[in-house]
Chemist: 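Below is a structure I'd like to ask you about.
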Amino acid sequence: MYNRLVPEPPARDLPLPAYLSALRRNAVEAWPQRTYEEPIVQRRLLGRHTFIVSDPDAIRRVLIDNQAAYARTRASVRILRPVLGDGLLISEGAAWRHQRRTLAPAFTPRAVEALVPHILGAVDATTALLAAQAQQGPVPLFPALHGLALEIAGRTMFSVGMQSDGAALRRFVAEYAERMGRPHLLDMLLPLSWPAPLDLARARFRRRWIPFLDRIIARRAADPQPHAARDLLDLLVAARDPETGHPFTPDQLRDQVATLILAGHETTAAALLWASYLMALAPDIQEAVAAEARAARDDLGDGCEHRLPLTRAVIDETLRLYPPAFVLARAAREADDLGGRTVEPGDVVMISPWVLHRHRRLWPEPDAFDPARFLPGAAPPPRFAYLPFGAGPRVCIGAHFALLEATLALARLIGRFRVSLPEGSVIRPAAVVTTQPDNPPPFILRPR
């Protein structure tokens with residue numbers, strides 16, 4: 001049902017220069033075969049130990065039971081802070097707790113489902129454009145899905161589309177990902193108080209990025225037109241910390257907007273591309289998804305994802321095979337014991353959903369595309385073996401929104417088009433900032 005179309009893992013550990021080069025170029029090419037077979041793989045790098053952890057009990061310890069003993073790595077802070085500021089994704093301690101408490105009401109199932117009209121409006125507009133393009137031949141689907149995810153972000157955040165700002169936002173994102181989002185060796189070695197070579201370029205980027213975001217927020221705040229449905233910006237402006245009563249400051253508001261738009265639209269576009277690819281490789285499952293989508297088309301209100309169980313299972317299985325967040329890296333603040341391995345302060349613990357979701361000890365036929373794993377009534381995967389959104393206190397706050405968005409979008413897309421690929425087409429993953437498709441070919445979209 002699914003052929004192994006991913007880079008073959010190295011048979012043994014790569015030499016240090018090759019390993020560091022692979023992490024920068026495409027991380028899935030860095031991890032050797034034994035990481036998919038052993039619960040914990042330990043290696044000494046750059047004067048400290050690095051652990052790749054796929055043992056569920058050890059993962060629970062890092063992310064939940066002893067999570068205070070681990071922090072984000074220097075490299076991840078250097079890479080993310082210029083674009084996300086001190087938003088929820090990278091803040092720590094009291095600042096993180098304040099943000100999490102304040103944001104929580106905006107992401108309850110009821111609040112998220114109120115955004116369904118925004119999502120469906122964006123999806124239907126995009127499928128109409130795709131239908132026109134498909135009449136001319138194969139369609140470059142990934143740019144269209146990027147545009148769709150960004151349009152959903154704009155409508156759900158601001159109640160308006162991204163026609164005026166979407167192109168500029170995509171340029172910002174592409175510039176940062178290509179030039180400044182790839183980890184440099186000194187990003188990992190230097191203390192955060194010492195500027196690494198790329199930090200200067202990142203600072204220049206941020207001096208342009210902040211005014212751009214502020215203009216979008218100010219324009220929406222000045223809009224005198226009433227909005228038919230509340231959006232995320234309304235909820236963020238009205239949000240109050242339930243313990244202190246404090247709202248977000250303007251800087252905090254901007255950082256949350258940046259986090260929600262960037263963390264959401266990049267990962268959603270990639271997930272939809274991978275799901276479309278898997279549908280093209282599995283036409284029988286695609287036809288079943290199309291039938292389910294047609295049956296539910298006019299009944300997609302509150303709780304609509306429950307009427308699309310197979311479509312949701314396809315999304316879940318897609319996130320297993322191609323998790324957008326391919327690695328969670330933590331630096332130990334203090335000594336710890338993980339599955340009998342001694343972790344010293346400064347050691348790096350990596351939990352890789354890419355590796356974890358394909359681990360031979362945790363999944364039967366781990367490289368097979370099998371949405372039945374996630375259908376209602378199926379046995380759940382082992383706890384902490386499936387982490388597309390992380391786990392523990394820092395689990396992605398937007399997980400429900402992301403799953404709903406992707407499920408509705410895939411249902412509409414497959415319900416309207418029969419998706420296939422030109423003969424011999426292969427899409428390979430490139431894990432840099434997220435798990436992106438490397439040079440995807442155009443897709444053939446035939447109206448149903």
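Side chains are part of it too, since the values below use all heavy atoms of this structure and drop only hydrogens, waters and symmetry mates.
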Chemist: Does the side chain of F142 come within less than 4.5 Å of Y277's, by heavy atoms?
Modeler: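 The answer is no; the side chains never approach within 4.5 Å.
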Chemist: Considering non-hydrogen atoms only, spot the tightest contact between A269 and L145 and give its length.
Modeler: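 In terms of heavy atoms, the two residues are closest at CB-O, 3.8 Å.
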Chemist: Take R25 and E29 through the salt bridge (Lys or Arg N to Asp or Glu O under 4.0 Å) test and state the conclusion after the steps.
Modeler: CA-CA 9 Å; R25 182 185 66 252; E29 297 178 353; 2.9 Å; yes
Chemist: Considering non-hydrogen atoms only, spot the tightest contact between A271 and T318 and give its length.
Modeler: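 Shortest heavy-atom separation between A271 and T318 comes out as O-CG2, 3.6 Å.
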Chemist: Does the separation of the ring centres of F205 and F172 fall below 6.0 angstrom?
Modeler: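 F205 vs F172: aromatic centres under 6.0 Å.
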Chemist: For R208, look at atom CZ and say whether over 12 heavy atoms of other residues, nucleotides or ligands are found less than 6.0 Å away.
Modeler: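 Result for CZ/R208: enclosed.
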Chemist: Taking H357's backbone N and O only, do any of them form a donor-acceptor pair with R320's side chain (distance below 3.5 Å, no angle check)?
Modeler: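 Such a contact is found between R320 side chain and H357 backbone.
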Chemist: Rounded to the nearest 0.5 Å, how far apart are CH2 of W96 and CG of L88?
Modeler: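 Answer rounded to 0.5 Å: 7.0 Å.
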Chemist: Are E287 and R448 close enough, and set up right, to give a side chain to side chain contact (heavy atoms under 4.5 Å, CB included), and what steps lead you there?
Modeler: CA-CA 10 Å; E287 292 308 307; R448 292 188 181 274; 3.0 Å; yes
Chemist: Quick check: closest heavy atoms across R373 and A378, and the distance to 0.1 Å?
Modeler: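 Closest approach of R373 to A378: O-CB, 3.4 Å.
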Chemist: Does P324 reach the side chain of L319, with side-chain heavy atoms less than 4.5 Å apart?
Modeler: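 They are in side-chain contact.
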Chemist: State, yes or no, whether a side-chain contact exists between V314 and L278 at a heavy-atom distance under 4.5 Å.
Modeler: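 They are not in contact (no side-chain heavy atoms under 4.5 Å apart), so the answer is no.
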Chemist: Looking at CD1 of I52 and CE of M350, how far apart are the two atoms once the value is rounded to the nearest 0.5 Å?
Modeler: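 If I round to the nearest 0.5 Å, the distance is 4.0 Å.
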Chemist: So T268 and E405, side-chain hydrogen bond (donor to acceptor under 3.5 Å, both in side chains) or not? Walk me through it.
Modeler: CA-CA 8 Å; T268 296; E405 171 189 16; 3.2 Å; yes
Chemist: Regarding R74 and the six-membered ring of W194, is the cationic atom NZ or CZ under 6.0 Å from the ring centre and inside 45° of its axis?
Modeler: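 Verdict for W194: no cation-pi partner in R74.
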Chemist: Does any part of the side chain of L141, heavy atoms only, come nearer than 4.5 Å to the side chain of P440, both counted from C-beta?
Modeler: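 Sidechains of L141 and P440: no contact.
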Chemist: Which residue, R97, R394, R72, forms the salt bridge (Lys or Arg N to Asp or Glu O under 4.0 Å) with E92?
Modeler: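 Running salt bridge (Lys or Arg N to Asp or Glu O under 4.0 Å) over R97, R394, R72 with E92 returns exactly one hit, R394.
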Chemist: Any donor-acceptor pair under 3.5 Å linking the side chain of D438 with the backbone of R428?
Modeler: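 No.
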Chemist: Going by an N to O cut-off under 4.0 Å, is there a salt bridge joining E151 and R155?
Modeler: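 Yes, this pair counts.
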Chemist: State whether the side chain of R333 and the backbone N or O of A331 hold a donor-acceptor pair below 3.5 Å, judged by distance alone.
Modeler: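 Flag not set: sc R333 to bb A331 has no pair under 3.5 Å.
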Chemist: Would you say the side-chain atoms of T244 pair up with the backbone N or O of H246, donor to acceptor, closer than 3.5 Å?
Modeler: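 The answer is yes, because a donor-acceptor pair under 3.5 Å joins these two groups.
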Chemist: Would you check, one step at a time, whether the test side chain to side chain contact (heavy atoms under 4.5 Å, CB included) holds for V123 with L408?
Modeler: CA-CA 8 Å; V123 172; L408 293 178; 5.6 Å; no
Chemist: Donor-acceptor pair, distance only, cut-off 3.5 Å: does the side chain of Y176 make one with the backbone of P82?
Modeler: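 Here the side-chain-to-backbone pair does not exist.
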Chemist: Does R81 reach the main-chain N or O of G87 with its side chain, forming a donor-acceptor pair under 3.5 Å?
Modeler: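 No, the answer is negative, given that no donor and acceptor are paired below the 3.5 Å cut-off.
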Chemist: What about the rings of F401 and F107, do their centers lie closer together than 6.0 Å?
Modeler: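 So the answer is no for these two rings.
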Chemist: For D199 and A196, indicate whether the former's side chain and the latter's backbone hold a donor-acceptor pair under 3.5 Å.
Modeler: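 At least one qualifying donor-acceptor pair exists.
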Chemist: Given side chains that start at C-beta, do those of F443 and L273 come closer than 4.5 Å, heavy atoms only?
Modeler: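 Side chain of F443 against side chain of L273, heavy atoms only: contact under 4.5 Å found.
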Chemist: Drop me the distance from T267's OG1 to Q436's CD, to the nearest 0.5 angstrom.
Modeler: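 Here the interatomic distance stands at 9.0 Å.
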Chemist: Looking only at heavy atoms, which two atoms of T35 and V355 are closest? And how far apart?
Modeler: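 Where T35 meets V355 most closely, the heavy atoms are O-CG1, 3.2 Å.
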Chemist: Can you tell me how far CD1 of I261 sits from CD of Q256, rounded to the nearest 0.5 angstrom?
Modeler: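 Rounded to the nearest 0.5 Å, the CD-CD1 separation comes to 12.0 Å.
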Chemist: Distance check, rounded to the nearest 0.5 Å: I285 atom CD1 versus D370 atom CG?
Modeler: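 Those atoms lie 7.0 Å apart.
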Chemist: Can you name the nearest heavy-atom pair linking L421 to P442, along with the distance?
Modeler: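 Closest heavy-atom pair between L421 and P442: CD2-O, 4.0 Å.
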Chemist: Can a donor-acceptor pair be found, under 3.5 Å and without considering hydrogens, that links the side chain of W209 to the backbone of V83?
Modeler: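 The answer is yes, because a donor-acceptor pair under 3.5 Å joins these two groups.
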Chemist: Working to the nearest 0.5 angstrom, can you tell me the gap between R416 CZ and I414 CD1?
Modeler: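 Here the interatomic distance stands at 13.0 Å.
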Chemist: Do R358 and Y322 meet the cation-pi criteria used here (NZ or CZ under 6.0 Å from the six-membered ring centre, within 45° of the axis)?
Modeler: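 Because its charged atom sits under 6.0 Å from the ring centre and within 45° of the axis, R358 does stack over Y322.
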Chemist: For the residue pair F374 and Y386, does the interplanar ring angle fall in the parallel (under 30°), tilted (30 to 60°) or perpendicular (over 60°) class?
Modeler: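 F374 vs Y386 ring planes: tilted.
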Chemist: Testing the basics here: between A131 and F417, what is the closest heavy-atom pair and its distance to 0.1 Å?
Modeler: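 Heavy atoms only, the tightest pair is N-CZ, 3.6 Å.
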Chemist: Tell me whether D241 is salt-bridged to R101, with the criterion being a basic N under 4.0 Å from an acidic carboxylate O.
Modeler: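 Looking at D241 and R101, the cut-off is met.
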Chemist: Before you tell me yes or no, could you show the steps for E365 and D367 under side chain to side chain contact (heavy atoms under 4.5 Å, CB included), namely the whole-Å CA-CA distance, both residues' side-chain angles and the distance that decides it to 0.1 Å?
Modeler: CA-CA 6 Å; E365 297 186 82; D367 294 316; over 6 Å; no
Chemist: Are L232 and V257 close enough that some pair of their side-chain heavy atoms sits under 4.5 Å apart?
Modeler: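 Heavy-atom side-chain distance check fails, nothing below 4.5 Å.
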Chemist: With a 3.5 Å distance limit and no angle check, can you tell me whether S21 reaches the backbone of P17 through a side-chain donor-acceptor pair?
Modeler: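 No, the answer is negative, given that no donor and acceptor are paired below the 3.5 Å cut-off.
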Chemist: Hey, can you tell me if F248 and H98 have their rings parallel, tilted or perpendicular (30° and 60° cut-offs)?
Modeler: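 Geometry flag for H98 against F248: perpendicular rings.
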Chemist: Any chance you could lay out the side chain to side chain contact (heavy atoms under 4.5 Å, CB included) test for V348 and F51, step after step, and finish with the verdict?
Modeler: CA-CA 6 Å; V348 173; F51 301 84; over 6 Å; no
Chemist: Assess whether a salt bridge exists between E292 and R312, defined as any Lys/Arg side-chain N lying under 4.0 Å from an Asp/Glu carboxylate O.
Modeler: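 Salt bridge: no.
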Chemist: Check whether any side-chain heavy atom of L387 sits under 4.5 Å from a side-chain heavy atom of L63, and report yes or no.
Modeler: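 Side chain of L387 against side chain of L63, heavy atoms only: contact under 4.5 Å found.
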Chemist: Can you tell if the side chain of W363 reaches within under 4.5 Å of the side chain of P381, non-hydrogen atoms only?
Modeler: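 Side-chain contact under 4.5 Å: yes.
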Chemist: Taking L404's backbone N and O only, do any of them form a donor-acceptor pair with T407's side chain (distance below 3.5 Å, no angle check)?
Modeler: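 Between the backbone of L404 and the side chain of T407 there is no qualifying donor-acceptor contact (under 3.5 Å).
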